[in-house]
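Side-chain atoms are counted along with the backbone in the values below, which use heavy atoms only and exclude waters and symmetry mates. All ligand and atom numbering here is 1-based and tracks the order in the structure.
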Amino acid sequence: MAKPGTQARRKRSAPELPFGGAWSYEPSLESTDHVVLAERYGLFLDGAFVRPSTGRYFATSDPATGRQLALVAEAGPKDVAAAVVAAQRAFRSWRRLPGTERARYLFRIARLLLERAREFAVLETLDNGKPIAETRDIDVPLAAQHFFYHAGWADKLDLVFPGAVPEPLGVVGQIIPWNFPLLMAAWKIAPALAAGNTVVLKPAETSPLTALRLCEVLQQAGLPPGVVNVVTGAGATGAALVRAEGLAKVAFTGSTEVGKEIQRQVAGRGIDLTLELGGKAAHLVFEDAALDQAVEGVVRGIFMNQGHVCCAGSRLLVQESVHDAFVAKLQRRMARIRVGNPLDKNTDMGAIHSAQQLARIEALCAAGRAEGATCFQPPCRLPERGFWWPPTLFTGVAQSHRIAREEIFGPVLTVSTFRTPDEAIEKANNTSYGLSAGVWTDKGARILWVAERLQAGVVWNNTYNRFDPAAPFGGYKESGFGREGGRQGLRAYLRLPDAPTPA
Ligand code: NAI
Ligand code: MG
């Protein structure tokens, strides 16, 4: 680990980003020239864009300006049923295709995504509100990586699970949220296809454009019709997909509330289910940690994507002896966060995704103040149009406070203290969630001691929000079940009939 002295020098150049990218400091504005938008988007059924049977369209808009971007088809139960039938038909031949052939399609999709990376990054930023530096360096390249990674497994399934003859499940219904629209589509589609399944995907109603553009890439890659179908719409369309006849599995990422409802809907139907739900991750900073490095990690952990991240490090637990020094450093760092135009390369934090999400953040911050926590927000001028919230820090937070218990899903960090490692573990685990956690300490033995005791699917140490398609991701408790990524994620899209029964 780097000594504090080397940190100070390194900070002057671009700070390291996950996935090997770097923040760009070139002072130039991005243009939207790379993206041509249609006025209306249809549903992607059986390899073609079609009109919805409902005849209805809904608007999707740019959260940074409120400007309407396009109209998108609203799929009704009839459309969803047609999508499942198309996927069932496609499954018959797709499952029998040699793994090497399925791999070729996935490699092609990955390469096309990278060729069109700029277009996807700009479109994602427009439809979602997150900064272009993130869509360019994280969302788009990582989405491509998921296709590359799973392409590599497609012809090696028998090697992944020795002693078993893995079989695909069938048609998978996949429902994704708005916070990483393209990346979540890739997380869902790539392993499903590699394993030989076919897909009906429902993107979130407030950010459907990159999933629809991905359908263009699928066409370009020559993917056989029906292997991937995309039905757009809101919760009712998602519910229709969950209820549809002919599904072998449902995979959902979103709120815990909807996850529980889906669990009730699929109960007793013999359908596989994986749920990736909310989180309230603890971020533990011990007194021996490299504090400047930890500040960078904590900032990335909560302010990346405006805090609209299920694994966001939203509960900071700092060892009492360094609390004051750490909070002072954090506040100075927060004052340098640039909030504004998401299409500007230099922007660190973009727009809050929707009026609904902004209202939730506002309400929880008001509750934090009312319950007696101290609120810090650096002075920052927010744009007049669109949805915005400044980086926010609450100190003096008790474990009973709503802001310490409920998922805010915004740029809001709570700070509490601990004295001993045991107390740190107890506080970190004192939550109904268990998706992720972060540990900052210089002692290797302590990292292992802490990681073993944390109830969290992912534990990062001396880093945060670092993703890799080879690493399984998923939760404990109300954060859901099942894993995505790695061999464990692939396993969730396969049946292993003759696998040895675990003892
Ligand atoms: P949501 O769970 O309502 O939406 C996620 C997806 O589920 C969307 O595609 C939506 O259309 C669909 N959906 C909604 N109702 C459905 C139903 N009854 N059956 C099937 N699909 C349905 O999440 P929402 O309302 O956008 O956000 C609310 C809160 O949930 C956020 O403030 C945040 O705390 C949490 N959340 C967590 C996410 C995560 O990555 N774990 C992602 C999005 C939200
Ligand atoms: Mg909702």
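For ligand 1, the polar-atom distance check against Cys310 finds no nitrogen or oxygen pair separated by under 3.5 Å.
In this structure, CG in Asn128 is found 7.0 Å from CD in Gln306, a value given to the nearest 0.5 Å.
Residue nearest to atom 31 (C) of ligand 1, selected from Glu406, Glu205, Gln357: Gln357 (by heavy-atom distance). Among Gly238, Ser255, Ala239, Gly259, the residue whose heavy atom lies nearest to atom 23 (O) of ligand 1 is Ser255. Around atom 17 (C) of ligand 1, the closest heavy atom drawn from Val258, Ile361, Thr206 belongs to Val258.
Crowding of Gln68 atom CD: a count of heavy atoms from other residues, nucleotides or ligands under 6.0 Å exceeding 12.
When every heavy atom of Asn179 is checked against every heavy atom of Val309, the shortest pair comes out as ND2-CA, 4.0 Å.
Only the backbone of Leu277 comes within contact range of ligand 1, with a heavy atom under 4.0 Å; no side-chain atom does. Counting heavy atoms closer than 4.0 Å to ligand 1, residue Arg360 contributes side-chain atoms (C-beta onward) but none from N, CA, C or O.
Note on ligand 1: Gln356 sits in its first shell, one or more heavy atoms being nearer than 4.0 Å. Within the structure, ligand 1 has Phe252 among the residues with a heavy atom less than 4.0 angstrom away.
Residues in residues 258-268 take part in these side-chain hydrogen bond (donor to acceptor under 3.5 Å, both in side chains) pairs, two or more places apart or across chains: Lys260-Glu478, Glu261-Arg264, Glu261-Gln265.
By the 4.0 Å N-to-carboxylate-O rule, Arg483 lies too far from Glu276 to be salt-bridged with it.
For the side-chain hydrogen bond (donor to acceptor under 3.5 Å, both in side chains) criterion with Lys130, the lone passing option out of Thr135, Asp139, Thr125 is Asp139.
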